[in-house]
Engineer: 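Okay, handing you the structure first.
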Amino acid sequence: MPELPEVETIARGLSAVITGRRIARVDVSWQRTIDARSEPIQTLGGDTVAGVGRVGKFVAIELASGRTLAIHLRMTGRLIVTDSPEPLAHERAALAFVGSGRLAFCDARKFGRLRLIEGDPGAALRVGIDPLSAAFDETAFAALLARRTTPIKVLLLDQRRIGGVGNIYACEALYRARVRPTRRSGRLTRLQRRELLGALQKVLKRAIEMRGSSVDDYVDAEGLQGEFQNQLTVYGRAGLPCRRCRTPIKRIVLAQRGTFYCPVCQQ
DNA sequence: CTGAGATCCTGGGGGC
DNA sequence: TGCCCCCAGGATCTCA
């Protein structure tokens, strides 16, 4: 499932291919793909792609009109530029370009959403601070954690506080920082906060360099798999020996999500 | 504010 | 081998 590094990779690949393209119309074959809060999607007709970026886990297609088309891929969404006259497998919606070709949104599970936004997309989407931005420093991180009793992993996954971190990278960062996922956020020591912030940024940056992690069936806009899945140290390794101390990795459920950690290394 | 639980979906894995 | 059942998973909404 695409998280920050995967979405960043997709956005960069897409930017190179569709920037400057003019949209003729939008075709929607599964109506619920369009978020109920979206501006009328057909008003995209006549607009031009000015660039492609990322807001949290959303692919943000910036338009010449100043608006933003935000796309959340959820678990199985994919964005594919194609000329195919036939609909692609699980194609739910597409931006048809003037001339030829289209940007197809394919999504087997139908959880992904498109939403056209006027104004600031971060505010409309209620996405918190970007973990790779300069503003995300020790002070900002400490303020987010202060006095909160929520387990630290749940807080890392809360998109309204920190935008872009998903299950895989939350598990990986906590393992690298040797912090137990269930630890109450407000109870981390200053050193643990520093370690965790560093680990989070390092793992995200490294994953972007490797074009993301291909767990399940993730591929980027060019249809390429990522490489970071080979560097995962705890995610998906339940029962396998910890790479530091050989203790079997434990799996628990936290906030309804599979959570992996080493019961010895992580406090 | 906070946490718990339901909801949306379907491919694929597990169980028999 | 074949078939059925049921679960994973992110965001959002309701309810306590």
Side-chain angles (χ1 to χ4, degrees), chain A residues 1-8 10-11 28-38 54-60 68-79 87-93 105-117 121-131 143-174 181-187 204 207 212-219 226 229 232 234-239 250-260:
Chain A
M1 351 82 246
E3 304 181 20
L4 188 154
E6 293 76 28
V7 175
E8 182 71 32
I10 290 166
V28 182
S29 51
W30 177 256
Q31 292 303 321
R32 276 202 265 187
T33 298
I34 310 303
D35 190 291
R37 295 159 296 185
S38 176
R54 176 185 64 75
V55 177
K57 295 182 198 169
F58 291 84
V59 174
T68 305
L69 178 63
I71 303 170
H72 202 302
L73 304 166
R74 292 292 178 89
M75 274 81 74
T76 53
R78 290 188 188 187
L79 288 168
L88 303 179
H90 311 300
E91 185 168 339
R92 310 298 182 195
F105 176 72
C106 302
D107 187 16
R109 297 270 164 100
K110 299 181 176 174
F111 275 12
R113 293 290 180 267
L114 273 59
R115 180 175 170 189
L116 180 60
I117 291 162
L125 299 166
R126 296 198 290 179
V127 170
I129 189 167
D130 194 281
L144 278 181
L145 305 198
R147 292 177 300 280
R148 308 212 55 237
T149 57
T150 317
I152 182 63
K153 190 199 171 210
V154 175
L155 187 140
L156 291 178
L157 294 179
D158 184 344
Q159 301 300 300
R160 285 165 304 175
R161 299 183 193 281
I162 304 172
V165 181
N167 208 19
I168 295 175
Y169 299 104
C171 288
E172 291 296 316
L174 287 163
T182 50
R183 187 82 195 258
R184 307 266 177 185
S185 301
R187 305 292 292 274
L204 291 172
S213 301
S214 287
V215 174
D216 295 333
D217 58 356
Y218 164 78
V219 288
Q229 66 276 12
L232 297 179
V234 270
Y235 184 82
R237 301 192 74 242
K250 222 173 149 179
R251 180 186 191 274
I252 60 169
V253 174
L254 205 53
Q256 302 162 83
R257 256 154 276 171
T259 300
F260 302 87

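Chain A is the first sequence line, chain B the second, and so forth, proteins listed ahead of strands; every chain is numbered from 1. Keep in mind it's a predicted model, so treat the numbers as computed, not measured.
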Engineer: What is the separation between atom CG on Leu157(A) and atom P on dT12(C), rounded to the nearest whole Å?
Structural biologist: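 Interatomic distance, CG of Leu157(A) to P of dT12(C): 14 Å.
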
Engineer: So among Leu4(A), Leu156(A), Asp130(A), which one has a side-chain contact (heavy atoms from CB on, under 4.5 Å) with Ile162(A)?
Structural biologist: Leu156(A)

Engineer: In whole angstrom, what separates Arg37(A)'s CZ from dT12(C)'s P?
Structural biologist: 6 Å

Engineer: Scan Gly166(A) against the nucleic acid and name what it touches under 4.0 Å (heavy atoms): base, sugar-phosphate only, or nothing.
Structural biologist: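 Gly166(A): no heavy atom of the nucleic acid under 4.0 Å.
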
Engineer: Please report the distance, rounded to the nearest Å, between CZ in Arg160(A) and P in dG10(C).
Structural biologist: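 Spelled out: CZ on Arg160(A) to P on dG10(C) is 15 Å.
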
Engineer: At 4.0 Å (heavy atoms only), tell me whether Asp107(A) reaches a base, stays on the sugar-phosphate, or touches nothing.
Structural biologist: nothing

Engineer: Give me the atom names and distance for the closest heavy-atom approach of Leu88(A) to Cys106(A).
Structural biologist: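 Looks like CB-SG, 3.8 Å.
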
Engineer: Taking the side chain from Arg54(A) and the backbone from Gly56(A), do they hold a donor-acceptor pair closer than 3.5 Å?
Structural biologist: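 Answer holds: yes.
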
Engineer: Between Cys171(A) and Gly258(A), what is the shortest heavy-atom contact and its length?
Structural biologist: SG-O, 4.4 Å

Engineer: For a quick check, with a 4.0 angstrom heavy-atom cut-off, what is the B/S/- contact string for nucleotides 7-12 of chain B, read 5' to 3'?
Structural biologist: -BBBB-

Engineer: Take atom CD of Glu6(A) and atom P of dG9(C), then tell me their distance rounded to the nearest Å.
Structural biologist: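 One finds 14 Å between P of dG9(C) and CD of Glu6(A), rounded.
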
Engineer: Take atom CG of Leu144(A) and atom C1' of dC1(B), then tell me their distance rounded to the nearest Å.
Structural biologist: 16 Å

Engineer: What's the separation between atom CG in Leu174(A) and atom CZ in Phe260(A), rounded to the nearest 0.5 Å?
Structural biologist: 13.5 Å

Engineer: Whole-Å distance between dG10(C) C1' and Glu3(A) CD?
Structural biologist: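 The distance from CD of Glu3(A) to C1' of dG10(C) comes to 10 Å, rounded to the nearest Å.
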
Engineer: Would you classify Arg115(A) as touching base, sugar-phosphate or nothing, given that sugar-phosphate means primed atoms plus P, OP1 and OP2, and contacts are heavy atoms under 4.0 Å?
Structural biologist: nothing

Engineer: Using a cut-off of less than 4.0 Å, is there contact between a side-chain N or O of Arg161(A) and OP1 or OP2 of dT2(B)?
Structural biologist: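 So the side-chain polar atoms of Arg161(A) do come within 4.0 Å of the phosphate oxygens OP1 or OP2 of dT2(B), strictly under.
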
Engineer: To the closest 0.5 Å, what do you measure between CZ (Arg184(A)) and CD1 (Ile152(A))?
Structural biologist: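 Reported value, rounded in 0.5 Å steps: 12.5 Å.
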
Engineer: Quick check on dG3(B): is either OP1 or OP2 less than 4.0 Å from any side-chain nitrogen or oxygen of Thr150(A)?
Structural biologist: yes

Engineer: Would you kindly give the CZ-to-C1' distance between Arg148(A) and dC1(B), to the nearest whole Å?
Structural biologist: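 After rounding, the gap between these two atoms is 9 Å.
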
Engineer: Arg184(A) CZ to dT2(B) C1': how many Å, rounded?
Structural biologist: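 Answer to the nearest Å: 11 Å.
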
Engineer: Could you tell me whether the phosphate oxygens of dA11(C), OP1 or OP2, come under 4.0 Å of any side-chain nitrogen or oxygen in His72(A)?
Structural biologist: yes

Engineer: Would you say that Glu172(A) contacts Val234(A) through its side chain, given a criterion of any heavy-atom pair below 4.5 Å between the two side chains?
Structural biologist: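 The answer is yes; the side chains approach within 4.5 Å.
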
